[in-house]
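These notes concern the structure reproduced below.
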Amino acid sequence: MAYKIDWRSGAIEDVKALFEYLAEHASLWDANDVTERFCFY
């Protein structure tokens, strides 16, 4: 399912925080699934 994203000022910090959280708290497989969905859909 594709989503339309309206990027706003400060969004890059939120995305960075998401990936930092995944790196610290998610399993490798879960982080991979989230990254694939974020980058390729």
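Basis for what follows: all heavy atoms, side chains included, without hydrogens, waters or symmetry-related copies.
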Inset, instruction - Indicate the atoms forming the closest heavy-atom contact of Ala26 with Ala31, along with that distance. - result: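 Ala26 and Ala31 have their closest heavy atoms at CB-N, 4.2 Å.
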Legend entry - Approximate separation, where rounding is to 0.5 Å, of Leu18 CG and Leu22 CG: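 Rounded to the nearest 0.5 Å, the CG-CG separation comes out at 4.5 Å.
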Legend entry - Separation of Lys16 NZ from Asp14 CG (nearest 0.5 Å):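 Asp14 atom CG to Lys16 atom NZ measures 12.0 Å (nearest 0.5 Å).
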Inset, instruction - Give the cluster check for Phe19 versus Val34: same hydrophobic cluster or not, with ILVMFWY residues linked at side-chain heavy-atom distances below 4.5 Å. - result: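 Phe19 and Val34: one cluster.
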